[in-house]
Amino acid sequence: MTPPHQATALPASRRDRYSRIPLVAAALTFLVHLFANPHYGYFRDELYFIVCGRHPAIGYVDQPPLAPLIAAGTQLFGHSLVLLRAAAAVFAAVSVYVTCVLAAELGGGRFAQIFAALSSALCPVLCAFGMKISTDTVGLWLWPLAVLYLLRLTRGADPRLWLAVGAAVGVSALSKYSVAYFVAAFAAAIACTPQRKILWSRWFVGGVALAAALVLPNVAWQAAHGFPILEVLRNGQHGKNVVLSPGGYLLAELLITNPVLALAWIAGLVWLLTHAETRFVGLGFVFLLAAMIASHAKHYYPADIYPVLFAAGAVAVERATDARPWLRPVVTSVAVAAGLAAIPYVLPVLPIRAFLRYHGFVSSRLHLEATRTEHARPTALPQDWADMHGWPELAAAVARVVASLPPEERGRAAIVAANYGEAAAIDFFGEEYHLPPALSGHNQYFLWGTHGYDGEVVIDVNGNCGARQHLFRSSEQAALLTSPLVMPWEDQLPIMVCRGIARPLPELWAGKKFYY
């Protein structure tokens, strides 16, 4: 039987033409994201990343340093949603490029590469990772790249390629810690198959050492601060996050990858497991998914691996339609139609009123609640879109409250926000109003402390001045911010003025810690 990676020899001219497909697919993906991404507004986490990145560090309470540094770097010359989202577009593009190369590596021809590019680019969760900067965005490129290098190593490539694998893993870990699942799953998969022989190389040790060298400073930071990320994850699983059953998790995987497009990656998984040479890749995915389910991870945590399965699925579809090439336009049309139907949920391409009508139509026919990752009452918009609204208005409202204070109070008033989204919005958009840095006990903001404020005058955003603890001598509601488009906990948001704190704020700060 012909090994699965060996394709029929092609004339040089045709090979050259096929070699352009990854570049063309990547360029088109970048252009689509470049024009589609920068709408609605800054996402809650993007604002937080920007503020964190403006305090450069080798670690933060709830994420490694790479996403904050990328986000902050795009804003060096002023506020620009276009540049911020262009950075995400770059990762979407290189991910599609690697997906095409993977399809070719697995023996795919022109159709396989094109179909792999389309299915991966239109996959909702992958498209969302390329829409905004998140801790998953870097892995969108590096997880598939690492698998590509592993495939080449199993086929006799120069063992020094292990250094590239180590670099990909190490840099990915500086974006999101979930790459540890990826490493463990694929190490176990390789150990279970004849491909384990590639581990007996000094260059494998070198790759491990390189990855460790990249990650160690961040691990040291976490250790020095008592591993706060573990507290964040633990608290998230006890109330905030939706914990899915194994069946519910698998259903969510189908929904976030699009039930129609999911047929492609499922075909790819079967194809990988069927062939001895690529079985370790299929097993790696199975082990990865099992580990994610067992640890109650959010359903999108394993998603950076899906470009690999889409590449394999494209090869499987190409092989299955060799005798019936007329089926290929049909399959492609169905995949594109299904992918485009989900696009308004992952790219902000529709005006809000048009999206609300579309959302009402779709949600009444599909069980979209299965894709929720956090507990919250229903909202007019999905969370990604809701968390792109209301932030400039919040900063403006806080600025008006500060301006209304007597001059002798204005300079000593501390702005305290309930969560990092509100605090980051005040810091980012408050620059226009020369607002002081916001305070919060939420995640990284807790470590930044009180900035020297004694708390005698506090602007309490989304709080009640510690009414139950009788923390202040007096309090009054200065504003109430209302928006039907934001998340429920940001609607009907009170802005209080609190005066006469019972104990200095620095003495109370330890009790304000909120890692979630």
Side-chain angles (χ1 to χ4, degrees), residues 20-50 53 66-101 113-145 171 175 258 261 300 303-304 306-307 310 335-336 339-352 354-355 358 381-382 384-385 387-389 391-392 428:
R20 300 191 193 105
I21 293 175
L23 286 173
V24 172
L28 291 174
T29 301
F30 175 74
L31 289 174
V32 168
H33 278 276
L34 184 66
F35 288 102
N37 287 357
H39 301 100
Y40 295 174
Y42 290 84
F43 183 66
R44 167 193 298 269
D45 288 1
E46 289 176 319
L47 293 171
Y48 179 49
F49 293 151
I50 291 168
L66 193 51
L69 293 176
I70 292 172
T74 66
Q75 308 298 294
L76 287 176
F77 304 104
H79 295 185
S80 175
L81 186 61
V82 172
L83 285 180
L84 180 70
R85 300 282 172 79
V90 169
F91 286 102
V94 293
S95 176
V96 168
Y97 180 90
V98 174
T99 304
C100 291
V101 175
Q113 292 180 52
I114 294 173
F115 191 73
L118 285 171
S119 54
S120 184
L122 291 172
C123 171
V125 66
L126 301 180
C127 195
F129 286 176
M131 179 270 294
K132 64 181 186 298
I133 289 293
S134 74
T135 54
D136 296 287
T137 302
V138 175
L140 184 62
W141 166 45
L142 291 180
W143 286 27
L145 187 65
V171 173
S175 182
N258 189 310
L261 294 177
Y300 60 84
D304 280 328
Y306 282 116
F310 279 121
V336 169
L340 292 177
I343 283 295
Y345 284 94
V346 290
L347 291 180
V349 292
L350 292 181
I352 284 297
F355 176 82
Y358 186 74
L381 293 172
D384 274 7
W385 296 164
D387 271 337
M388 292 180 185
H389 287 81
W391 304 122
F428 186 72

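If you're wondering where the values come from, they're calculated on a predicted model, not measured in any experiment.
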With rounding to the nearest 0.5 Å, note down the distance linking CD1 in Ile50 to OG1 in Thr74. 5.5 Å
Flag yes if more than 12 heavy atoms outside Phe35 fall under 6.0 Å of its CZ atom; otherwise flag no. no
I'd like to know whether Trp385 forms a side chain to side chain contact (heavy atoms under 4.5 Å, CB included) with Tyr40, so could you lay out the CA-CA distance, the side-chain angles of the two residues, the decisive distance to 0.1 Å, and finally the verdict. CA-CA 7 Å; Trp385 296 164; Tyr40 295 174; 3.7 Å; yes
Quick one: does any side-chain atom of Ser119 pair with a main-chain N or O of Ala116 as donor and acceptor, under 3.5 Å? yes
Once rounded to the nearest 0.5 Å, what's the spacing between atom CD1 of Ile133 and atom CD1 of Ile70? 5.5 Å
Strictly under 6.0 Å, is that where the ring centroids of Tyr345 and Phe355 end up? yes
d(Asp45 CG, Met388 CE) to nearest 0.5 Å is 10.0 Å
Tell me which one of His39, His33, Glu46 satisfies side-chain hydrogen bond (donor to acceptor under 3.5 Å, both in side chains) with Arg85. Glu46
When you measure from the side chain of Ser95 to the backbone of Leu140, do you find a donor-acceptor pair of N or O atoms at a distance under 3.5 Å? yes
Should Leu261 and Phe310 count as side-chain neighbours, where that means a heavy-atom distance under 4.5 Å? yes
What's the separation between atom CG in Leu118 and atom CG in Leu340, rounded to the nearest 0.5 Å? 9.5 Å
Minimum-distance pair of heavy atoms, taken over all atoms of Leu347 and Ala36: CD1-CB, 4.0 Å
Using every non-hydrogen atom in the two residues, find where Ser134 and Ala67 come nearest and quote the distance to one decimal. O-CB, 4.0 Å
Nearest heavy-atom approach of Phe30 to Ala86 is CE1-O, 3.9 Å
Under the 3.5 angstrom rule, does the side chain of Tyr358 hit a backbone N or O of Ala341 as a donor-acceptor pair? yes
Main-chain N/O of Asp136 paired with Ser175 side-chain donor or acceptor, under 3.5 Å: no
Taking all heavy atoms of Thr99 and all of Pro307, pick out the closest pair and write down the distance. OG1-CB, 3.2 Å
Separation between CG of Leu34 and OG1 of Thr29, rounded to the nearest 0.5 Å: 12.0 Å
Under the side chain to side chain contact (heavy atoms under 4.5 Å, CB included) rule, what do Asn258 and Leu122 come out as? Steps first, then yes or no, please. CA-CA 9 Å; Asn258 189 310; Leu122 291 172; over 6 Å; no
Which is it for Val96 and Leu126 under the side chain to side chain contact (heavy atoms under 4.5 Å, CB included) test, yes or no, and what are the steps along the way? CA-CA 10 Å; Val96 168; Leu126 301 180; over 6 Å; no
Step by step, work out the side chain to side chain contact (heavy atoms under 4.5 Å, CB included) result for Thr135 and Phe49. CA-CA 9 Å; Thr135 54; Phe49 293 151; 4.0 Å; yes
Without swapping roles, check the side chain of Asn37 against the backbone of Gly130 for a donor-acceptor pair under 3.5 Å. yes
Atom CD in Gln75, atom OH in Tyr42: separation rounded to 0.5 Å? 4.0 Å
Indicate the atoms forming the closest heavy-atom contact of Ala88 with Thr137, along with that distance. CA-CG2, 4.2 Å
Over all heavy atoms of both residues, which pair between Phe43 and Asp384 is shortest? Give the atoms and the distance, please. CD1-O, 3.5 Å
Within a 6.0 Å radius of atom CH2 on Trp141, are there more than 12 heavy atoms belonging to other residues, nucleotides or ligands? no
